[in-house]
Amino acid sequence: MVKSWGLGAVLLLGGFGAGLAVAQVQTGRTPQFANEEVKVWRSVIAVGNPLPLHRHDHPRVLIALKGGTMDIREETGQSDIQNWETGKAYWLPANPKTLHQDVNVGKEPIEVMVIELQKAW
């Protein structure tokens, strides 16, 4: 005797298997390109997993590949909430004196491309 599984059971099992295949988003930077003029990297910032403390010696352009709300927290305790819209570009000045941490305070991961200008004007 051959047992027949109902469509609901097949969908349930398929959904369970698909859930196991979902990868956890990791915070981090991936270098894209660098020369004497610019450095380019892609950053992903997961919710609840900020980038480590860092600073920016050079000005940069940020392009939001997947936008969201970022809390830029300086080591001094100062905080600056920035809303980055998907597909838009933003100018960020150099800030070589202050260490800060990028904290995603939204509900989804944020993904940006950063173009850092290496030569001062």
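By convention here, the first residue in the shown sequence is residue 1.
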Q: Looking at Val112, is its backbone amide N or carbonyl O close enough to the side chain of Ser43 to form a donor-acceptor pair, meaning the two atoms are under 3.5 Å apart?
A: no

Q: Determine, using the 4.5 Å side-chain heavy-atom cutoff (strictly less than), whether Trp41 and Ile45 are members of one ILVMFWY cluster.
A: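 Yes; Ile45 is reachable from Trp41 via cluster members.
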
Q: Hey, could you give me the CG/CD distance between Leu117 and Glu37, rounded to the nearest 0.5 Å?
A: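 Result: 9.0 Å between the selected atoms.
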
Q: State yes or no: do Tyr90 and Met70 share one hydrophobic cluster built from I, L, V, M, F, W and Y residues joined by side-chain heavy-atom distances below 4.5 Å, directly or via other members?
A: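 Linked, Tyr90 and Met70 end up in one cluster.
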
Q: Test your reading of the model: is there a side-chain donor-acceptor pair from Arg60 to the backbone of Pro93, 3.5 Å cut-off?
A: yes

Q: Measuring only between side-chain heavy atoms, which start at C-beta, is Gln118 closer than 4.5 Å to Asp57?
A: no

Q: Run the side-chain hydrogen bond (donor to acceptor under 3.5 Å, both in side chains) test on Asn83 and Glu85 for me, step by step, so that the C-alpha distance in whole Å, both residues' side-chain angles and the decisive distance to 0.1 Å come before the verdict.
A: CA-CA 6 Å; Asn83 292 304; Glu85 292 182 46; over 6 Å; no

Q: Hey, does His54 have a side-chain heavy atom less than 4.5 Å from the side chain of Arg29?
A: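 Yes, at least one pair of side-chain atoms sits under 4.5 Å.
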
Q: Using modelled atom types only, decide if a donor and an acceptor are shared between the side chain of Gln32 and the backbone of Thr30 within a distance under 3.5 Å.
A: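 Answer holds: yes.
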
Q: Would the distance check show the side chain of Thr86 and the main-chain N or O of Gly67 forming a donor-acceptor pair, the cut-off being under 3.5 Å?
A: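 Judged by distance alone, yes, a pair lies under 3.5 Å.
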
Q: Would Ile81 and Trp91 show up in the same hydrophobic cluster when neighbours are defined by side-chain heavy atoms closer than 4.5 Å?
A: no

Q: Do the side chain of Asn104 and the main chain of Glu108 share a donor and acceptor less than 3.5 angstrom apart?
A: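 The answer is yes, because a donor-acceptor pair under 3.5 Å joins these two groups.
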
